[in-house]
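In what follows, a single structure is set out as structure tokens and then discussed.
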Protein chains: 2
Amino acid sequence: MPKDSRPPSPPRPMRADARRNYERILAAAADAVAEYGAEASLEEIARRAGVGSATLHRHFPSRQLLLEAVFRDKVEVLCATAGDLAADPDPAHALTSWLRAVAAHAVSNRGLAASLMRGVRDGDPALGATCHAMIVDAGTGLLVRARRAKAVRPDVSITDLLTLVNAICLAVEREPDGAARADRLLGLALAGVHPAREAAGDTPPSRPEGSGRSSRP
Amino acid sequence: MPKDSRPPSPPRPMRADARRNYERILAAAADAVAEYGAEASLEEIARRAGVGSATLHRHFPSRQLLLEAVFRDKVEVLCATAGDLAADPDPAHALTSWLRAVAAHAVSNRGLAASLMRGVRDGDPALGATCHAMIVDAGTGLLVRARRAKAVRPDVSITDLLTLVNAICLAVEREPDGAARADRLLGLALAGVHPAREAAGDTPPSRPEGSGRSSRP
DNA sequence: TGCAAAAACGGGGTGGCCCTCCATATCGTA
DNA sequence: TACGATATGGAGGGCCACCCCGTTTTTGCA
């Protein structure tokens with residue numbers, strides 16, 4: 001059996017200069033990712049941080065881990081938002097609002113979508129799926145509530161929804177007016193492309209019911 | 001004024017060895033892209049084709065151009081499919097069938113989605129947007145017919161639909177069972193996440209109307 | 001058929017990237 | 001202050017995209 005488990009914090013609290021460099025790298029990475037997206041050059045990040053590339057790789061053994069560290073707090077904001085929306089009296093509205101918030105964050109923080117996308121799949125096990133897991137957890141609460149209220153199809157999973165959101169954000173990333181387009185496409189995907197009755201506003205996601213014609217004989 | 005315009009074919013019909021190498025590169029690229037996706041190494045392609053890397057770059061000055069050449073005939077198949085579906089008595093069904101066909105091609109041909117995505121945006125002007133343009137043209141016919149039949153929202157554009165399709169395909173690419181998942185997500189996006197009445201089958205895209213409750217007071 | 005210009009070729013160079021080794025510098029403490 | 005554990009970063013290897021330019025092949029014409 002293993003000698004000892006120390007889950008949250010290794011006894012070594014990290015040396016002062018190490019922590020300083022860690023922070024520097026994180027800041028430089030945030031800049032670089034904002035500028036170039038998730039594919040930003042790691043050497044460039046190390047250069048901006050004023051450290052050697054080896055130091056960067058020691059602190060963040062994979063690109064995914066670096067991205068996770070960069071976006072951790074933004075993801076926490078989204079999770080908190082989900083918590084707040086749990087009190088919304090309208091479960092459907094809460095869910096769609098949150099998904100839109102996720103999309104808004106993803107398009108305004110280049111690379112976030114790519115970071116959230118990579119879940120468990122892809123090579124190394126348990127090597128940086130934290131953000132993905134956090135978001136899934138946060139969204140699940142909103143989804144089950146909406147499902148209980150019969151406001152979403154019973155077969156829709158949180159993975160479905162998040163994949164759609166991230167796919168859309170990834171697709172419109174680096175487009176002229178990405179935020180608006182992402183919101184528009186998300187509204188479309190949530191409401192469907194078939195015409196709702198009166199609904200004339202901006203791709204309103206609610207009130208899907210109504211009189212209609214059957215389009216398939 | 002310009003001396004002369006010769007739109008379709010430059011008078012030089014390409015030397016025999018040049019055409020031979022062109023074909024070889026194309027074949028090698030098809031293999032490599034099938035194996036590694038749109039990010040396949042160009043040097044590896046040149047190596048497989050038995051030509052120098054300079055030759056590859058001469059024939060295909062950009063990765064995008066090479067991908068377009070690789071996928072040209074598949075895109076033509078999709079365009080032909082769109083033509084066939086124009087005779088479908090049900091415009092809505094024709095449109096969704098075609099979008100599903102696009103998705104099916106995109107997931108089964110690694111890199112196609114990425115190739116179709118890059119439209120006009122991104123650096124050089126008119127440097128490889130042919131596939132994108134062809135697909136847009138083909139889809140527009142189906143969309144306007146569906147729109148006339150009031151089977152789609154009037155504000156939905158073909159760009160919206162194709163972006164959704166490509167985004168989904170890009171997202172599920174290299175997932176275990178990508179094709180099924182892409183089809184499922186596309187069905188979701190086309191029909192919306194809100195519950196349809198009886199509709200119990202596989203994410204049926206039609207008959208979006210139904211009895212419901214107003215979800216926003 | 002023979003030949004010279006044009007066209008195409010590809011080896012090798014440049015510069016970038018990711019990642020690792022190890023001699024050196026720095027920090028925390030006895 | 002002095003020592004050992006810890007952290008550093010320059011150098012180097014492997015891979016890649018892309019380009020320069022001397023060489024080879026093809027072609028059109030005499």
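In this text the structure is predicted, and so the values were computed from the model without any measurement. A, B, ... follow the sequence lines: proteins, then strands. Residue 1 opens every chain.
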>> Within the 4.0 Å limit for protein heavy atoms, which parts of nucleotides 14-23 of chain D are touched? Write it as a string from 5' to 3', B for base, S for sugar-phosphate only, - for none.
In response: --SBBBB---
> Would you say the side chain of B:Trp98 lies within less than 4.5 Å of the side chain of B:Ile135, judging by non-hydrogen atoms?
Replying inline: yes
> Taking the side chain as C-beta and beyond, is there a heavy-atom pair between A:Arg72 and A:Val75 under 4.5 Å?
Replying inline: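 Counting from C-beta outward, A:Arg72 and A:Val75 never come under 4.5 Å.
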> Nearest-Å distance, NE2 (A:His59) to P (D:dT6)?
Replying inline: 14 Å
> First contact, last contact: which nucleotides of DNA chain C are these for chain B, 5' to 3', heavy-atom distance under 4.0 Å?
Replying inline: C:dA6 to C:dG12
> Can you list the residues that meet the side-chain contact (heavy atoms from CB on, under 4.5 Å) rule with B:Val70, with sequence neighbours excluded?
Replying inline: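 Counting only residues at least two positions away or on another chain, B:Val70 forms a side-chain contact (heavy atoms from CB on, under 4.5 Å) with B:Leu26, B:Ala29, B:Ala30, B:Leu66.
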> In chain order, what residues pass the side-chain contact (heavy atoms from CB on, under 4.5 Å) check against A:Ser108, with sequence neighbours excluded?
Replying inline: none
> In residues 17-34 of chain B, which ones come under 4.0 Å of DNA chain C, going by heavy atoms?
Replying inline: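 Listed by number, they are B:Asp17, B:Ala18, B:Asn21.
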>> Show the nearest heavy-atom pair for residues B:Glu76 and B:Met134, with the distance to one decimal.
In response: CG-CE, 3.5 Å
>> Walk me through whether A:Glu173 and A:Arg110 qualify under salt bridge (Lys or Arg N to Asp or Glu O under 4.0 Å).
In response: CA-CA 7 Å; A:Glu173 204 166 67; A:Arg110 289 193 51 174; 5.0 Å; no
> Is a side-chain donor or acceptor of B:Arg100 paired with a backbone partner of B:Leu95 at a separation under 3.5 angstrom?
Replying inline: no
> Just by modelled atom types, is the B:Asp155 backbone N or O under 3.5 Å from a matching donor or acceptor in the B:Arg147 side chain?
Replying inline: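 Here the side-chain-to-backbone pair does not exist.
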> What about B:Arg15: does its side chain form a donor-acceptor pair under 3.5 Å with the base of D:dT27?
Replying inline: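 In this structure, the two groups form no donor-acceptor pair.
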> B:Ile25 and B:Arg48: side-chain contact (heavy atoms from CB on, under 4.5 Å), yes or no, with the steps?
Replying inline: CA-CA 8 Å; B:Ile25 293 171; B:Arg48 290 195 194 194; over 6 Å; no
>> Once ring-ring contact (aromatic ring centres under 6.0 Å, His included) is applied, what residue pairs with a partner in residues 30-53 of chain A remain, sequence neighbours excluded?
In response: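 Listed by first then second residue: nothing to list.
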